[in-house]
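Read the structure below first, then the notes.
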2 protein chains.
Amino acid sequence: MLADTSETSSRPNVKTILKQLEGDGVIGISVDCVIFGFDESELKVLLIKSDFKNYEGKWSLLGNLVNNHEDLDQAAYRVLKERTGLDDVYLEQVKTFGEVFRHPAARVVTIAYCSLINVQHHEIKKLDNELHWHRVTALSDMAFDHKKILDTCYVWLQKRIQEHPLGFSLLPKKFSLRELQNLYEAILNVKLDRRNFRKKFFSMNLLEDTDEYESDVPHRPGKLYRFNYEKYQKKERKKWFGIDF
Amino acid sequence: MLADTSETSSRPNVKTILKQLEGDGVIGISVDCVIFGFDESELKVLLIKSDFKNYEGKWSLLGNLVNNHEDLDQAAYRVLKERTGLDDVYLEQVKTFGEVFRHPAARVVTIAYCSLINVQHHEIKKLDNELHWHRVTALSDMAFDHKKILDTCYVWLQKRIQEHPLGFSLLPKKFSLRELQNLYEAILNVKLDRRNFRKKFFSMNLLEDTDEYESDVPHRPGKLYRFNYEKYQKKERKKWFGIDF
DNA sequence: AATCATTGTGTAAATTTTACACGTTTTCTC
DNA sequence: GAGAAAACGTGTAAAATTTACACAATGATT
């Protein structure tokens, strides 16, 4: 009730820290994680109920103050681990938000991270039962400027997923092409042609054929594939994509 | 000599502030501007000689601590204005660097901004004669982690310029297609076909035909064009670019 | 008047993207 | 176990985009 679980931690001294920041006229630094998951063919985001008094009951991103001795990325990993128990996840810095009055208690600059996790392989620590997966598209009101942060990360993801192989982090290690296509369709909110989609991915030569098939589907099972990160790394990047705007 | 002009300001109390940060175990926040210019068909970056003792004589980005009452963008604008006298410039946040020991005096998290200015239209305040334009490709050693920041911003620019109309900020309002092509070739470090380049830009329908021509060129002068930002703004953005990685 | 340097322009070939349909495989139900 | 339902897996032709490439026109310089 004293400290918001996003902007601050569950450490007992957060309120104190914010007070101190306020008093000293010093700027606080936090990280906020936009944790995306993919479930039931929908893009979800992991949120927590804010207990910060100005925003009681509103949804908030998972975040925390950055410790003095830890790098920003480390801080984001820590938040992620504390909340989800996962540490082997995709995590990338997206943007820093630092408007003067974005936090009501003190000046806090927050570095937003985007994280992608595979919802299946992971049981959220339900100690904290204020934690919930939300459909990304069905969110309006949020605590602080977190809606803006979420929107920024979502747009970032939409673009990023078309140019980098991050989408696979949202899927099981072995996945069918249908799942992959559903993922792209859900995130980009478009309908894609199945044959062209397959053609595209096969032509990249980065999908490895496992010899397994889907199970528990009520129809002909599809082949399962695995993304070959090594091969991807070795690929040379072109610097010329063509001008287009 | 006491305070570095990039990480800190020429305000007299910077050393004090850093000391205080250090003592309190509080994290400082700065902005650093990577100011790009285009001159003699080369991409340049505006740097200053560091007077911070650990990095004496090394080149440093232009930066400063963020004031309590100003937004991050404002802080970046302030730095830019203080150093170049310009305020109507392209400025965009790129990435935040926050490694624990990136600054020797205290923990300072810095938000890197990329700025693009038209070198012609602007006389650098030469009060500060430690300020110089450097070829981007001919830089190795820099103060702090500024080389890393510069590299990040350069790569960012290479990508960005192909997808957004920022390049024009590096040119005069009226420019020839040759200048524009030189710009792209210099930044991307590629050779482009002149006819295809022209075709591409004309097909976007965003270049306005001024009825003027180059002057002072020792050959047939080219037509001058102007970029139509309004038209660009109104254009609808597609969300599907095609998967490619 | 001749030379030099650069502008401005079009077309054909190659590549990439798009649109589109049917036989196959497995599960489920009766 | 026969038939229906659902999704899998596959290829080709048309359209659009990208690439490669050459020559006449213009203005400046001598």
Side-chain angles (χ1 to χ4, degrees), chain A residues 40-41 161-163 171-172 174-186 188-226 235-245, chain B residues 40-41 161-163 171-172 174-186 188-226 235-245:
Chain A
E40 292 168 342
S41 290
I161 202 180
Q162 298 184 59
E163 306 176 332
L171 296 175
K174 298 170 183 178
F175 51 86
S176 69
L177 276 177
R178 161 64 57 194
E179 291 176 286
L180 189 60
Q181 184 173 344
N182 284 345
L183 178 67
Y184 274 88
E185 291 184 338
L188 297 174
N189 193 32
V190 292
K191 205 72 191 107
L192 300 174
D193 179 85
R194 191 157 55 98
R195 273 185 291 189
N196 293 335
F197 184 86
R198 298 167 72 89
K199 213 187 302 175
K200 186 73 189 174
F201 268 96
F202 288 141
S203 74
M204 296 193 305
N205 263 318
L206 294 171
L207 293 187
E208 243 169 41
D209 202 336
T210 74
D211 284 323
E212 299 171 53
Y213 289 81
E214 292 179 295
S215 51
D216 305 324
V217 285
H219 57 266
R220 175 179 177 182
K223 253 193 187 169
L224 296 179
Y225 297 87
R226 180 192 301 119
K235 224 169 130 174
E236 69 181 49
R237 312 270 157 259
K238 53 182 176 186
K239 67 176 99 178
W240 170 253
F241 318 96
I243 297 163
D244 191 23
F245 49 81
Chain B
E40 292 166 342
S41 290
I161 201 179
Q162 297 184 58
E163 305 177 332
L171 295 175
K174 297 170 183 178
F175 51 85
S176 70
L177 275 178
R178 161 63 57 193
E179 292 177 283
L180 189 60
Q181 186 174 342
N182 284 344
L183 178 68
Y184 274 87
E185 291 185 339
L188 297 174
N189 193 32
V190 292
K191 203 75 191 102
L192 300 175
D193 180 86
R194 193 157 55 97
R195 275 186 289 194
N196 293 336
F197 184 84
R198 298 167 72 89
K199 212 187 303 174
K200 188 69 188 177
F201 268 96
F202 288 141
S203 74
M204 295 192 305
N205 262 319
L206 294 172
L207 293 188
E208 244 168 41
D209 202 335
T210 74
D211 285 323
E212 299 172 54
Y213 288 81
E214 290 180 295
S215 50
D216 306 326
V217 285
H219 57 265
R220 174 178 177 185
K223 252 192 189 171
L224 296 180
Y225 296 88
R226 180 192 300 118
K235 225 167 129 176
E236 68 181 51
R237 313 268 157 261
K238 52 183 177 185
K239 69 176 98 179
W240 169 253
F241 318 95
I243 296 163
D244 191 24
F245 48 83

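Naming: A, B, ... by sequence-line order, numbering from 1 per chain.
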Using atom [atom1] of [X] as one end and atom [atom2] of [N] as the other, report the distance to the nearest whole Å.
{"X": "Arg195(B)", "N": "dT6(C)", "atom1": "CZ", "atom2": "C1'", "result": "14 Å"}
{"X": "Leu177(B)", "N": "dT9(C)", "atom1": "CG", "atom2": "C1'", "result": "13 Å"}
{"X": "Asp244(A)", "N": "dT17(C)", "atom1": "CG", "atom2": "P", "result": "12 Å"}
{"X": "Lys223(A)", "N": "dT24(C)", "atom1": "NZ", "atom2": "P", "result": "17 Å"}
{"X": "Lys200(A)", "N": "dT15(C)", "atom1": "NZ", "atom2": "C1'", "result": "11 Å"}
{"X": "Asn196(B)", "N": "dT15(C)", "atom1": "CG", "atom2": "C1'", "result": "14 Å"}
{"X": "Glu214(B)", "N": "dT7(C)", "atom1": "CD", "atom2": "C1'", "result": "9 Å"}
{"X": "His219(A)", "N": "dT29(C)", "atom1": "NE2", "atom2": "P", "result": "15 Å"}

**Request:** Would you grab the first and last nucleotide of DNA chain D (5' to 3') that comes under 4.0 Å of any non-hydrogen atom in chain B?
**Result:**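 Using the under 4.0 Å cut-off, the span is dT18(D) to dA28(D).
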**Request:** Please work out if Arg194(B) contacts a base, only the sugar-phosphate, or nothing of the nucleic acid, heavy-atom cut-off 4.0 Å.
**Result:**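 Base contact.
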**Message:** Considering every strand and a 4.0 Å limit on heavy-atom distances, what is the contact class for Arg178(B): base, sugar-phosphate, or nothing?
**Reply:**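 It contacts sugar-phosphate atoms only.
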**Item:** Salt bridge Lys174(A)-Asp209(A), side-chain N to carboxylate O under 4.0 Å
**Value:**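 Judged by the 4.0 Å cut-off on N to carboxylate O distance, Lys174(A) and Asp209(A) do not form a salt bridge.
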**Asked** Want to settle it: does Ile243(B) or Tyr213(B) sit nearer the 5' end of DNA chain C, counting the closest nucleotide to each?
**Response**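 Result: Tyr213(B).
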**Prompt:** Pro221(A) or Phe241(B): which one's nearest nucleotide on DNA chain C is closer to the 5' end?
**Reply:**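 Going by which nucleotide is closer to the 5' end, it is Phe241(B).
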Taking [X] for the side chain and [Y] for the main chain, is one N or O donor matched with an acceptor at less than 3.5 Å?
{"X": "Gln162(B)", "Y": "Gly242(A)", "value": "yes"}
{"X": "Gln181(B)", "Y": "Leu192(B)", "value": "yes"}
{"X": "Ser41(A)", "Y": "Asn182(A)", "value": "no"}
{"X": "Tyr184(A)", "Y": "Ile161(A)", "value": "yes"}

**Message:** Determine whether a donor-acceptor pair (one donor, one acceptor, N or O, separation below 3.5 Å) exists between the side chain of Arg220(A) and the base of dT26(C).
**Reply:**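 In this structure, the two groups form no donor-acceptor pair.
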**Message:** Let's test your reading of the model: under 3.5 Å, does the base of dT18(C) pair with the side chain of Lys199(A) as donor and acceptor?
**Reply:**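 Such a pair exists between side chain and base.
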**Request:** State the CG-CZ distance between Asn196(B) and Arg198(B), to the nearest 0.5 angstrom.
**Result:**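 If I round to the nearest 0.5 Å, the distance is 11.5 Å.
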**Request:** List in chain and number order the residues that pass salt bridge (Lys or Arg N to Asp or Glu O under 4.0 Å) with Arg226(B), two or more places apart in sequence or in another chain; answer none if no residue qualifies.
**Result:**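 Arg226(B) satisfies salt bridge (Lys or Arg N to Asp or Glu O under 4.0 Å) with Glu208(B) once adjacent residues are dropped.
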